[in-house]
Protein chains: 2
Amino acid sequence: MSATVKPRYQQLKDMIIERISSGELRPADRVPSENELVELMKVSRMTANRALRELTDEGYVTRMAGRGTYVSDFRAKSHLLEVHNIADEITRRGHQHSCKVLRQSRQRSRGKIAGALHVEQGVDLFHLLLVHYENGMPIQVEDRHVVADFAPDCLSQDFRTITPSAYLTKISPLQEAEQVVRAVQPNAAVRRRLRMADDEPSLVVIRRTWSHGRPVTFARLHHPGNRYELTGHYSPPGTPKSATGNVVELEIYDHE
Amino acid sequence: MSATVKPRYQQLKDMIIERISSGELRPADRVPSENELVELMKVSRMTANRALRELTDEGYVTRMAGRGTYVSDFRAKSHLLEVHNIADEITRRGHQHSCKVLRQSRQRSRGKIAGALHVEQGVDLFHLLLVHYENGMPIQVEDRHVVADFAPDCLSQDFRTITPSAYLTKISPLQEAEQVVRAVQPNAAVRRRLRMADDEPSLVVIRRTWSHGRPVTFARLHHPGNRYELTGHYSPPGTPKSATGNVVELEIYDHE
DNA sequence: ATTGCCAAGTTGTATATACAAGCTCGACCA
DNA sequence: TGGTCGAGCTTGTATATACAACTTGGCAAT
């Protein structure tokens, strides 16, 4: 680790973050204006502007033209959880990912599925039912519907070599998504496919993905509760990546 | 909605995003350099620089000094899930939040808890055990440990009026967090506190929060699986907020 | 043939300057 | 008294310029 000097705008950001973090600047307090920073810190206004603008993007401060810059109210901040693509997640663990295709068929949309995908009853959909394995152990049942005209060659894909998620993002990458995570008692079919114990709950991720302003796919991802968990690490944007070290085993249970 | 012209740097961003989204620019393709954008789009280099820099922050492109700018590989992108503070979440639904404090005591750290908080055995901790209610129905059991010297006045707080999360972020807001989400069979105590059905699974969020480079609190949040879910909406930063409309009810189950 | 080095192109940062637009407050006027 | 307008602050954007650091490729010297 060399002691290279940080850029000036980053020093400004660090200084302001430190003043917030230490409690010297509290939520709704006024942050020095760009011109004040110019004098205080001997920088140009564009440099001060960049620092304050990035702090705005990162949620630390709020700016109003004509008023000034004020410390944000953090209590509203959400914690973020990353939900990875299952195949990437497995290979990143150094394990082997494999996949069995149970169904890959064309369907007419109906009922709730049609509603979720914002299409009329009877519109062509593709239905995919896959089981993903990690070193041979089933880890996810993927039950997915895809709007047919978004991915016309869906039936000719070999989803053992490319996951539906990767295939769909290849077609049109920049997407919005809604997600729901639930703990449920799975039905018998899912329980059997995932080789789950009798009373084992399932962690379910439901995801609807949008592209070019319309829903294009709707997936229900079942995981065995005893062998799967969602993990996330949240640090404010702009923070050095390795600040907190590795993920640590976090045990759930003590007796109350 | 007035038809005010977008700023020039935003037009640049939109243009590049559109070229990526349409498939004209694919992952690993080269994006026009700043100087090329200066000529093509008749802007100054600083404006082109801002556009490309923000696209970098938003994950669309990757830049390398001396090499150029290249379209990112989206397959690696994670979906994000927001995990809200329980009290905010309830009040945002227009419901009434209340809270019962079951335990608020000083403890010596030991075992796994000490390890998770990176402190020696025997260091002072506070132990909090709360139940959060939404319109009178229990919705979360919060089992939390706090490093004592981070929050010395923890025992004198009234956590019926301020949640531990809000209290702790008030002390020192800018924090990193690790989170794990699991589906588990809760023990009898949790099941009783949350008035859960016999075979109902529990959605558990385990969160360790850091401040000034060290862990300061460690919380296990149990929720009843039949009455609680995590929801999230992900759109790339910089996208207009209301692009996809409201959250829609997403049903879990069809028969296979 | 290999090595070394330099030129050209790229991103990254920093400054000085300029103008537009929004907000506040006080001076001024009717 | 009440209202209006403008001075002076703020942020937001845009440009021109400069230099540093990095990468690549080709050329020259060894």
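What you are looking at is a predicted structure, and each value in this text was computed from that prediction instead of being measured. Chain naming here is simple, since letters A, B, ... match the order of the sequence lines and numbering starts at 1 in each.
Here the CE atom belonging to A:Met15 is positioned 10.0 Å from the CD atom belonging to A:Gln11, to the nearest 0.5 angstrom.
Regarding contacts with the backbone of C:dT11, every side-chain N or O of B:Arg53 stays at 4.0 angstrom or more from both OP1 and OP2. In terms of phosphate contacts, B:Tyr9 brings no side-chain nitrogen or oxygen within less than 4.0 Å of OP1 or OP2 of D:dA14. Between A:Asn49 and D:dT11 there is no side-chain N or O to OP1 or OP2 distance below 4.0 Å. The shortest distance between the side-chain N/O atoms of A:Arg50 and the OP1/OP2 oxygens of C:dT13 is below 4.0 Å. In terms of phosphate contacts, A:Thr47 brings a side-chain nitrogen or oxygen within less than 4.0 Å of OP1 or OP2 of C:dT15. Checking the phosphate oxygens (OP1, OP2) of C:dT13, no side-chain nitrogen or oxygen of A:Arg8 falls inside 4.0 Å.
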Inset, instruction - Would you give a per-nucleotide map of nucleotides 16-27 of chain D, 5' to 3', where B means the base has a protein non-hydrogen atom under 4.0 Å away, S means only the sugar-phosphate does, and - means neither? - result: BBB---BBS---
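Atom CG in B:Leu12 sits roughly 13 Å away from atom P in D:dT13 (whole-Å rounding). Distance CG (A:Leu52) to P (D:dG12): 9 Å, rounded to an integer number of Å. The CZ atom of A:Arg30 sits 12 Å away from the P atom of C:dT24 (whole-angstrom rounding). Separating the NZ atom of A:Lys13 from the P atom of C:dT13 is a distance of 10 Å, rounded to the nearest angstrom. A straight line from CG of A:Asp57 to P of D:dG12 spans 10 Å, rounded to a whole angstrom. In this entry the distance linking CZ of B:Arg63 with P of C:dG9 reads 17 Å, nearest Å. Rounded to a whole Å, the CG atom of A:Leu37 is 9 Å from the P atom of D:dT11. Whole-Å rounding puts the A:Glu34 CD to D:dT13 P distance at 11 Å.
Minimum atom distance to the side chain of A:Pro7 is reached by C:dT13, of the listed D:dT10, C:dT13, D:dT11. Comparing atom distances between the B:Ser33 side chain and each of C:dT13, C:dT10, D:dT13 picks out C:dT10 as nearest.
Taking all atoms of both residues into account, the shortest heavy-atom contact from B:Leu168 to B:Phe150 is CD2-CE2, 4.0 Å.
In this structure, B:Arg26 places its CZ atom where only 12 or fewer heavy-atom neighbours from other residues, nucleotides or ligands lie under 6.0 Å away. Within a 6.0 Å sphere centred on CZ of A:Arg214, heavy atoms belonging to other residues, nucleotides or ligands number more than 12. Within a 6.0 Å sphere centred on CZ of A:Arg93, heavy atoms belonging to other residues, nucleotides or ligands number more than 12.
Shown are B:Arg53, B:Arg63, B:Glu36; of these, the side-chain hydrogen bond (donor to acceptor under 3.5 Å, both in side chains) with B:Thr69 is made only by B:Arg63.
In this structure A:Tyr228 satisfies the ring-ring contact (aromatic ring centres under 6.0 Å, His included) test together with A:His223, sequence neighbours excluded.
If you check every strand for non-hydrogen atoms under 4.0 Å, A:Gln11 touches nothing.
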